[in-house]
Asker: 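My questions all concern the structure below.
For the numbers below, each heavy atom of this structure counts, side chains included, while hydrogens, waters and symmetry mates do not.
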Amino acid sequence: MTLSNKYQTKFIMKKIKFISYLAAAVLILTLMSCSAEDGVDGQEGPQGIQGPAGTDGQDGVDGQDGADGQDGNANVVASGWLPADWSFYDTPTKKIMRVVVNQFTQAELRNECLVMVYARQYGTSAVYSIPGPGRWSNVAYNLYFGSNAANADGILIEIKSTDGVVLTDYQYDVARGNYFRYVIIPSSQTNRLPDLSDYEQVKAYYNLVD
């Protein structure tokens with residue numbers, strides 16, 4: 001091999017080597033510029049062992065309890081069923097029963113309360129509101145307030161004959177099932193009311209128990 005050929009061969013080898021380096025560099029840059037999204041996802045590996053549970057956080061401070069709301073019917077007063085007792089006034093055609101109320105003064109009953117009285121009578125399961133005739137066509141039941149005199153205060157329930165005929169025991173006697181009960185509603189509680197002439201509505205509205 002001549003000297004000229006020797007130099008040509010070295011030159012060619014260097015050029016080939018340069019081209020190889022250049023190709024490798026281009027390949028590396030191409031691989032680096034490719035994003036992870038370009039390739040196909042590989043299969044997920046098995047889940048690792050769960051780490052230990054963390055320490056519980058500190059409990060929060062309990063909130064302050066609010067005050068209970070006042071029951072809308074808290075001041076309504078209702079009696080149980082009271083047996084007929086005409087000892088306050090008793091004649092053959094007119095009788096009066098006195099009912100003592102300790103929760104209100106006489107002035108409060110007259111001026112600051114709505115007072116309802118209901119009657120249960122012989123031979124029927126119905127409850128009648130007073131004032132009214134009850135179940136009898138010739139009888140009137142009325143409601144009054146007594147005076148401030150001793151033994152005359154409270155609620156007065158009156159039964160009287162409207163035709164002058166003597167009252168019968170079916171119309172007034174407790175042994176015949178004549179009972180009364182009152183419901184007293186202070187004026188502050190009278191904004192919304194049930195039908196007061198309907199005892200069943202009143203009983204449900206005020207949660208009364210017979």
Side-chain angles (χ1 to χ4, degrees), residues 71-210:
D71 186 348
N73 304 331
N75 297 323
V76 173
V77 175
S79 71
W81 284 105
L82 307 173
D85 177 4
W86 309 109
S87 58
F88 185 80
Y89 185 88
D90 190 2
T91 69
T93 57
K94 178 179 177 179
K95 303 178 186 298
I96 299 176
M97 172 179 172
R98 173 177 171 247
V99 180
V100 177
V101 178
N102 295 319
Q103 294 89 338
F104 301 95
T105 66
Q106 198 67 13
E108 288 172 337
L109 282 177
R110 289 176 176 174
N111 305 317
E112 301 177 22
C113 295
L114 176 60
V115 180
M116 296 297 300
V117 175
Y118 300 93
R120 286 195 322 203
Q121 297 176 323
Y122 173 82
T124 176
S125 60
V127 175
Y128 302 91
S129 61
I130 296 176
R135 65 160 297 189
W136 313 102
S137 60
N138 66 328
V139 172
Y141 291 87
N142 294 306
L143 168 66
Y144 303 102
F145 298 108
S147 68
N148 291 323
N151 299 323
D153 59 340
I155 301 170
L156 302 181
I157 302 170
E158 176 193 75
I159 176 176
K160 67 179 180 179
S161 170
T162 58
D163 58 5
V165 176
V166 173
L167 297 168
T168 71
D169 56 348
Y170 292 99
Q171 296 168 330
Y172 66 84
D173 195 342
V174 64
R176 297 294 188 179
N178 289 280
Y179 286 81
F180 303 90
R181 84 179 303 182
Y182 61 76
V183 178
I184 303 175
I185 308 167
S187 58
S188 60
Q189 307 286 317
T190 58
N191 292 332
R192 297 179 60 186
L193 294 173
D195 180 359
L196 296 177
S197 65
D198 187 331
Y199 175 72
E200 293 301 321
Q201 284 195 33
V202 173
K203 184 174 72 170
Y205 188 83
Y206 292 113
N207 297 318
L208 303 181
V209 178
D210 283 334

Asker: Classify the angle between the aromatic ring planes of Tyr141 and Phe180 as parallel (below 30°), tilted (30 to 60°) or perpendicular (above 60°).
Answerer: tilted
Asker: CD of Gln171 to NZ of Lys160: how many Å apart, nearest 0.5 Å?
Answerer: 14.5 Å
Asker: Testing Asp195, Asn191, Thr190 for side chain to side chain contact (heavy atoms under 4.5 Å, CB included) with Leu193, which one passes?
Answerer: Thr190
Asker: A cation-pi test, strictly: NZ or CZ of Arg110 under 6.0 Å from the centre of the six-membered ring of Phe145 and no more than 45 degrees from its axis. Yes or no?
Answerer: no
Asker: Kindly give the heavy-atom pair with the smallest separation between Thr124 and Ala126, and that separation in Å.
Answerer: OG1-N, 3.0 Å
Asker: Ignoring hydrogens and angles, tell me if any N or O in the side chain of Ser187 forms a donor-acceptor pair with the backbone of Cys113 under 3.5 Å.
Answerer: no
Asker: What is the distance from atom CD of Gln103 to atom OG of Ser79, rounded to the nearest 0.5 Å?
Answerer: 9.5 Å
Asker: Taking the side chain as every heavy atom from C-beta outward, state whether Tyr206 and Pro194 have any pair of such atoms under 4.5 Å apart.
Answerer: yes
Asker: Rounded to the nearest 0.5 Å, what separates atom OG in Ser125 from atom CZ in Arg120?
Answerer: 10.5 Å
Asker: I'd like to check the salt bridge (charged side-chain N to carboxylate O under 4.0 Å, His left out) partners of Glu200; sequence neighbours left out, ordered by chain and number.
Answerer: Lys203
Asker: Looking at OH of Tyr118 and OG of Ser197, how far apart are the two atoms once the value is rounded to the nearest 0.5 Å?
Answerer: 7.5 Å
Asker: Can you name the closest pair of heavy atoms from Leu208 and Ala78 and give their distance?
Answerer: CD2-CB, 3.6 Å
Asker: Does the side chain of Ile159 reach to within under 4.5 Å of the side chain of Trp86, using non-hydrogen atoms?
Answerer: yes
Asker: To the nearest 0.5 Å, how far apart are CG in Leu156 and CG in Leu143?
Answerer: 8.5 Å
Asker: Verify side chain to side chain contact (heavy atoms under 4.5 Å, CB included) between Tyr182 and Met116, making sure each step is shown before the conclusion.
Answerer: CA-CA 6 Å; Tyr182 61 76; Met116 296 297 300; over 6 Å; no
Asker: Find out whether Leu114 and Leu196 are in side-chain contact, i.e. whether some heavy atom of one side chain is under 4.5 Å from a heavy atom of the other.
Answerer: yes
Asker: Show every salt bridge (charged side-chain N to carboxylate O under 4.0 Å, His left out) that has at least one partner inside residues 142-158, sequence neighbours left out.
Answerer: Lys94-Glu158, Arg98-Asp153
Asker: Can you name the closest pair of heavy atoms from Ser137 and Thr162 and give their distance?
Answerer: O-OG1, 4.1 Å
Asker: Closest approach of Ile130 and Ala119, non-hydrogen atoms and distance?
Answerer: CD1-CB, 3.9 Å
Asker: Compare all side-chain heavy atoms of Pro83 with those of Asp85 and state whether any distance is below 4.5 angstrom.
Answerer: no
Asker: Please check this pair: side chain of Asn111 against backbone of Ala107, looking for a donor-acceptor N/O pair closer than 3.5 Å.
Answerer: yes
Asker: Examine Arg176 relative to Tyr170 and say whether NZ or CZ is less than 6.0 Å from the centre of the six-membered ring and inside a 45° cone about the ring axis.
Answerer: yes
Asker: Do Val76 and Ile184 have side-chain heavy atoms sitting under 4.5 Å apart?
Answerer: no
Asker: Would Arg181 and Tyr199 count as a side chain to side chain donor-acceptor pair (under 3.5 Å) here? Give the steps.
Answerer: CA-CA 11 Å; Arg181 84 179 303 182; Tyr199 175 72; 2.7 Å; yes
Asker: Do the side chain of Gln121 and the main chain of Gly177 share a donor and acceptor less than 3.5 angstrom apart?
Answerer: no
Asker: Taking C-beta and beyond as the side chain, do Phe88 and Lys95 meet within less than 4.5 Å on heavy atoms?
Answerer: no
Asker: Short question: side chain of Asn178, backbone of Asp173 - any donor-acceptor pair under 3.5 Å?
Answerer: yes
Asker: Taking side chain as C-beta onward, heavy atoms only, is Tyr172 less than 4.5 Å from Thr168?
Answerer: no
Asker: Are side-chain heavy atoms of Val77 and Val101 found at a separation under 4.5 Å?
Answerer: no
